[in-house]
Amino acid sequence: MSAPHLFRLPKDADLLTALETICLERDVTHACVTLIGALTRACLGFYLQDERRYVSHDVDRPMEILAGIGNVSLKEGRPFVHLHLTLGDDTGAALGGHAMPGCRVFAAEAAIQPAEGPNRHRVYDEATGLFLWA
C-alpha cells in the first residue's frame with residue numbers, strides 16, 4: 001500500500017473544493033481521507049431519509065475540526081470527496097454532519113491515503129435516493 005499524501009489546505013479555501021483539487025492534481029481517484037484543523041465557518045448536512053433530501057445547517061462562527069473522515073471515489077468521471085465532520089466550539093460543545101460546500105478553512109491538515117483495487121464509481125441508488133458506490 002502506498003504512503004498517504006499529506007497536505008496543508010489553503011486558508012480561506014472551500015474545504016471540499018480544496019480536497020477535490022488535490023485529488024485532481026495528484027490523479028487520486030479512490031482513497032481514504034482524514035483531516036484536522038479549524039474552520040472560520042461550516043456548512044453541515046443531514047440526510048432526511050423519508051424525504052430523500054439533504055438539509056444544511058450553517059455554522060457562522062469559528063470551529064475546530066475534531067475529526068474529519070471520508071473517502072474519494074468517482075462521480076460522473078471526476079474525483080468526489082464524501083466527508084463527515086465532527087466540530088467543536090469554544091465551549092467544548094460538539095456537532096457534526098456531512099461536509100457541504102461552504103466550509104471555509106482557517107487552518108487544516110489532510111491525509112489522503114490512496115486505496116488499492118479498482119476505482120469506486122458513484123451511481124444513483126433508487127432505494128435510498130443517494131449516489132452510492134456501484
Side-chain angles (χ1 to χ4, degrees):
M1 180 171 281
S2 63
H5 301 286
L6 302 175
F7 301 95
R8 179 180 145 195
L9 302 181
K11 187 175 184 316
D12 297 323
D14 179 89
L15 178 62
L16 292 173
T17 300
L19 291 169
E20 289 174 356
T21 298
I22 289 167
C23 291
L24 278 169
E25 290 173 350
R26 303 287 176 137
D27 198 30
V28 174
T29 57
H30 60 302
C32 297
V33 176
T34 57
L35 67 113
I36 56 173
L39 302 173
T40 57
R41 71 175 311 275
C43 186
L44 300 173
F46 182 83
Y47 191 69
L48 300 173
Q49 296 174 15
D50 293 342
E51 298 180 30
R52 297 168 63 135
R53 68 179 180 89
Y54 277 98
V55 292
S56 61
H57 305 282
D58 289 326
V59 183
D60 285 320
R61 64 186 190 277
M63 301 292 289
E64 290 284 324
I65 302 170
L66 305 177
I69 187 166
N71 59 55
V72 178
S73 55
L74 293 172
K75 182 178 177 188
E76 300 172 352
R78 294 179 51 88
F80 175 80
V81 175
H82 180 198
L83 183 69
H84 287 216
L85 295 171
T86 303
L87 305 175
D89 69 13
D90 62 348
T91 71
L95 65 146
H98 182 92
M100 305 292 278
C103 294
R104 291 281 161 210
V105 173
F106 177 74
E109 299 166 337
I112 300 175
Q113 174 70 56
E116 293 181 0
N119 286 335
R120 299 287 183 203
H121 296 266
R122 291 190 175 273
V123 296
Y124 183 76
D125 177 65
E126 190 64 45
T128 63
L130 296 167
F131 283 83
L132 302 175
W133 290 343

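Just so you know, these numbers use all the heavy atoms, side chains as well, and skip hydrogens, waters and symmetry mates. Just so you know, these numbers come straight off a predicted model, no measurement behind them.
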(Q) Could you report the tightest heavy-atom contact between Arg61 and Asp89, atom names first, then the distance? (A) NH2-OD2, 3.5 Å
Q: Search all heavy atoms of Ile36 against all heavy atoms of Leu66 and return the closest pair with its distance.
A: CG2-O, 4.3 Å
Q: Please report the shortest heavy-atom distance between Ile112 and Cys23, naming the atom on each side.
A: CD1-SG, 4.2 Å
Q: Decide whether Arg104 and Thr40 meet the rule of one side-chain donor and one side-chain acceptor closer than 3.5 Å.
A: no
Q | Residue pair Leu85 / Cys103: nearest heavy atoms and the distance that separates them | A | CD1-SG, 4.1 Å
Q: Start with the C-alpha gap between Val59 and Leu39, add the side-chain angles, then the distance that decides, and say whether side-chain contact (heavy atoms from CB on, under 4.5 Å) holds.
A: CA-CA 10 Å; Val59 183; Leu39 302 173; over 6 Å; no
Q: Look at the side-chain heavy atoms of Ile, Leu, Val, Met, Phe, Trp and Tyr, link any pair under 4.5 Å apart, and say whether Leu44 and Phe80 land in one connected group.
A: no
Q. Does Arg52 CZ have over 12 foreign heavy atoms under 6.0 Å away?
A. yes
Q. Counting only N and O atoms by type, is there a donor-acceptor contact under 3.5 Å from the side chain of His30 to the main-chain atoms of Gly117?
A. yes
(Q) Tell me whether the rings of Phe7 and His5 are parallel (<30°), tilted (30 to 60°) or perpendicular (>60°). (A) tilted
Q. How long is the gap from CZ on Phe131 to CD on Glu76, to the nearest 0.5 Å?
A. 6.0 Å
Q. Phe106 and Lys11: which non-hydrogen atoms are nearest, and at how many Å?
A. O-CG, 3.5 Å
Q) Under 3.5 Å, side chain of Asp58 to main-chain N/O of Cys43, donor-acceptor pair present? A) no
Q | Full working for side-chain contact (heavy atoms from CB on, under 4.5 Å) between Asp12 and Val105 | A | CA-CA 5 Å; Asp12 297 323; Val105 173; over 6 Å; no
Q | Leu16 versus Pro101, closest heavy-atom pair with distance | A | CD1-N, 3.7 Å
Q) Should the heavy atoms of other residues, nucleotides or ligands under 6.0 Å from CZ of Phe46 be counted, would the total exceed 12? A) no
Q.
Would you say Val81 ends up clustered with Met100 if hydrophobic residues are merged whenever their side chains have heavy atoms under 4.5 Å apart, either directly or through other cluster members?
A. no
Q.
Assess the residue pair Leu9 and Ile22 against the criterion (side-chain contact (heavy atoms from CB on, under 4.5 Å)); give the C-alpha distance rounded to whole Å, side-chain angles, the decisive distance to 0.1 Å, and a yes or no.
A. CA-CA 9 Å; Leu9 302 181; Ile22 289 167; 3.5 Å; yes
Q: Classify the angle between the aromatic ring planes of Tyr54 and His98 as parallel (below 30°), tilted (30 to 60°) or perpendicular (above 60°).
A: tilted
(Q) Is there a side-chain contact between Glu109 and Leu6 in this structure, where contact means two heavy atoms from C-beta onward sitting under 4.5 Å apart? (A) no
Q: Show your working on side-chain contact (heavy atoms from CB on, under 4.5 Å) between Leu95 and Met63 and close with a plain yes or no.
A: CA-CA 10 Å; Leu95 65 146; Met63 301 292 289; 3.1 Å; yes
**Q.** Heavy-atom donor-acceptor pair, Arg122 side chain to Leu130 backbone, under 3.5 Å
**A.** no
